[in-house]
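Notes to accompany the following structure.
Note that the coordinates shown come from a computational prediction; the quantities given were computed from them, not determined experimentally.
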Amino acid sequence: MQENVTQFDELELNDAILSSLDEMGFVSPTPIQAAAIPYLLDGRDALGKAQTGTGKTAAFSLPLLNKLNLKQHKPQAIVMAPTRELAIQVAAEIKTLGQNIYGLKVLEIYGGASIVDQMRALKSGAHIVVGTPGRVKDLITRDRLQLDECHTFVLDEADEMLKMGFVDDVTWIMEQAPETAQRVLFSATMPPMVKNIVDKYLRDPARIDVAGSNQTVEKVEQQFWVVKGVEKDEAMMRLLETEETDASIVFVRTRQDTERLADWLSARGFKASALHGDIPQSLRERTVDHIKDGHIDVLVATDVVARGLDVPRITHVFNYDIPFDVESYIHRIGRTGRAGRKGKAILLVRTNQLRMLRTIERVTRSSMEEIKLPVRDKVAEARLIKLGQELEAEKEHKALEKFSELVEKLQTSLEIDATTLAAILLKRQQGKRPLFYVGEDPMIAELERDKQRRRERRENGGRRDGNRQHQDWETYQLQVGREQGVQVKDIVGALANELGLTKGSIGAIKLAPEHTFVQLPKSMSSDVTRKLRKLRIRQKEVGAVVCDFDDFRESRGRRDGGRRDGRGHRDGGRNFRGDNGNRRGERRFDRNRGGDNRGAYRGERGHGGRSHRSSEA
């Protein structure tokens, strides 16, 4: 095995691959490529720990391409990715890296596209198959994707794949792999599920860890704004108008918010479009093409569907909603600053989310700059400058003479001068984006209050913003429980995804056989309360009603696990109460403890578990 590799031509890659790399302007491998490629060329199983943007796709693709037998008809390698978008992106990169390999066939397979067309393509032959686990398993089950000649299996972004509920599909596929096949796994983190896969299916794997050096984070300028003074929609508009953007992605947590915010921005003159998992695949691909060619400037998206997006125009990523974990944040900001380009990421964060912001900073070993939102007079000034530039470009238009005649006619018919007419037309033109404002900007008052708070904190010893504030809770009873197959993570996921509640806005949860008690803020908006009334969990209406239940205390009687009763429930221990016969078996969740919510709810994850997963695959 080669060590201390500094250039691609030092690796044992064939001439066709080296010529492709040379044409693409790639001379030196990234750290993950330099570390992984020699092992993979030697046929070793490998476990790579690397974040997005580190070049890991080429790290496993180049060895794959190097050992292909182009005369072989059946697939020789299976690459599994968590989402359709990432599968498409990985397949495109493999094709680019192998552009000088004559006769190379790379096939992407995923849900949402015709399985008949994919079966036809497999019958015609493919050297490398890139797909989502659900569709890969489906085609293997139908005996259309045959693995007897596959020599390599790759799991890309394994942690995301397993978080999204693909663990059963992935393990099933790995069990079908030929005994002699090489197994390669790349993951940004190593949660227990990933470790289980590694221990069970990888044989003495080479372990490559470059997670400590994250190129994505290093080349993206990161800033944050603490939400106060104005609503987040208004804040997004101000940022979009005052930042020097080309194209942007705005990340939100729920499908509903993609549509709502995209419509809100479109109504104010932005070329915006939504992108989420319920949109048909053909429309999603068309939307991505539109942002590439400039028909769209702002993409409002959820986490999952934006995985794998590589659009050179994207200069900014706006985190409208803070993600639930650091890995999602890294993946989000990795949509900008691609291929050596600079990018910018701005996070909108509420005061009770500052702890998560500090966690992101600590894990990514980076520091975010706090920014002030532009006051609206500055926004109006930016609009006026942009209008002036647009008018400047129209000064020599050949149709102006006819419009001059119209101006004269209107002056005469309306009995007004040219200045007044121009003012009327400008007023109509501004639409919902005023060219000047009347009245006080709420941001100015908020800035003054912020200055006062900072003075008081300095005088009182510098208390931190991030301290958790007391919540005034109200308890709701949901008419679903364990007997309907509901788990705590389903409750938390539904409240976060469908209502848009943050982690700090979900209180204690107690799960019983036929119902669930959950604490939610009394200060919830009417819109959130309306969504709660319509909420469904595992396809069942929850029928949320306010109740006076307040017994969220943990049982103090036993902490050794307790006895099991005849139904298999423990009568003590951390999760179950044993001191009340009417509540035997009620499960408790407290947001202030670790517990069942850890890593269990994410922006795009549905509350139906595997059933939702199949719609994304």
Side-chain angles (χ1 to χ4, degrees), residues 32 36-50 56-69 72-83 86-87 89-91 93-94 97-98 104-110 118 122 125-162 164 166-188 190 193-208 617:
I32 186 66
I37 290 174
Y39 286 117
L40 300 187
L41 287 172
D42 283 350
R44 285 277 303 275
D45 284 9
L47 168 61
K49 189 176 179 183
K56 57 185 170 60
T57 303
F60 63 74
S61 299
L62 293 174
L64 275 184
L65 293 167
N66 199 67
K67 59 182 177 181
L68 288 181
N69 178 359
Q72 187 172 309
H73 188 77
K74 292 182 180 178
Q76 297 167 55
I78 304 293
V79 179
M80 284 180 279
T83 70
L86 187 57
Q89 183 65 35
V90 168
E93 187 162 344
I94 294 175
L97 292 168
L104 173 66
K105 292 184 178 179
V106 180
L107 175 64
E108 53 267 40
I109 58 174
Y110 46 82
Q118 292 171 2
L122 284 169
H127 300 116
I128 300 173
V129 171
V130 185
T132 50
R135 183 53 62 91
V136 169
K137 180 182 179 182
D138 195 356
L139 289 166
I140 294 173
T141 304
R142 296 171 184 242
D143 198 29
R144 300 305 178 97
L145 175 55
Q146 297 171 346
L147 307 181
D148 52 305
E149 296 184 16
C150 273
H151 54 61
T152 308
F153 286 75
V154 178
L155 301 184
D156 189 16
E157 298 196 5
D159 50 350
E160 291 302 317
M161 209 177 306
L162 302 183
M164 290 169 60
F166 286 122
V167 61
D168 292 340
D169 290 347
V170 168
T171 53
W172 185 90
I173 293 165
M174 295 301 285
E175 286 169 359
Q176 316 306 311
E179 184 66 27
T180 57
Q182 183 182 29
R183 296 158 172 89
V184 180
L185 184 150
F186 280 92
S187 186
M190 289 294 150
M193 283 192 297
V194 173
K195 290 180 180 177
N196 291 341
I197 296 287
V198 171
D199 294 342
K200 188 172 182 179
Y201 296 106
L202 273 64
R203 300 152 303 189
D204 185 28
R207 295 177 182 267
I208 306 127

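When every heavy atom of Val198 is checked against every heavy atom of Leu185, the shortest pair comes out as CG2-CD1, 4.1 Å. Listed here is the closest heavy atom pair of Ile37 and Ala58: CD1-O, 4.4 Å. Across Pro178 and Leu147, no two heavy atoms sit closer than the pair CG-O, 3.1 Å. Residues Asp45 and Gln182 approach most closely at OD1-CA, 3.5 Å, considering heavy atoms. Scanning both residues, Ala46 and Leu202, for their nearest heavy atoms gives O-CD2, 3.5 Å. Contact detail for Pro82 and Phe166: the closest heavy-atom pair is O-CE1, 3.4 Å.
The closest side-chain donor-acceptor pair between Tyr201 and Glu175 falls under 3.5 angstrom. Counted by atom type alone, Thr152 and Lys67 present one or more donor-acceptor pairs between their side chains at under 3.5 Å.
No donor-acceptor pair under 3.5 Å is formed between the side chain of Glu93 and the backbone N or O of Thr57.
For Arg44, the CZ atom counts as densely surrounded, since its 6.0 Å shell holds more than 12 non-hydrogen atoms of other residues, nucleotides or ligands.
With respect to the salt-bridge test (charged N to carboxylate O, under 4.0 angstrom), the residues Lys195 and Asp199 do not qualify. Comment: Arg135 does not engage Glu108 in a salt bridge, judged by the lack of any side-chain N to carboxylate O separation of less than 4.0 angstrom.
Looking at heavy atoms from C-beta onward, Met193 lies out of side-chain contact with Ile197 at the 4.5 angstrom threshold. For the pair Val90 and Leu86, the minimum side-chain heavy-atom distance is below 4.5 Å. Using a 4.5 Å heavy-atom threshold, the side chains of Phe186 and Val184 count as touching. Taking the side chain as every heavy atom from C-beta outward, Leu68 and Leu64 never approach each other to under 4.5 Å. No side-chain heavy atom of Ile208 sits less than 4.5 Å from a side-chain heavy atom of Leu47.
We find the CD1-CD distance between Ile109 and Gln118 to be 6.0 Å, quoted to the nearest 0.5 Å.
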Could you go through the side chain to side chain donor-acceptor pair (under 3.5 Å) check for Glu149 and Gln72 one step at a time?
CA-CA 9 Å; Glu149 296 184 16; Gln72 187 172 309; 3.1 Å; yes
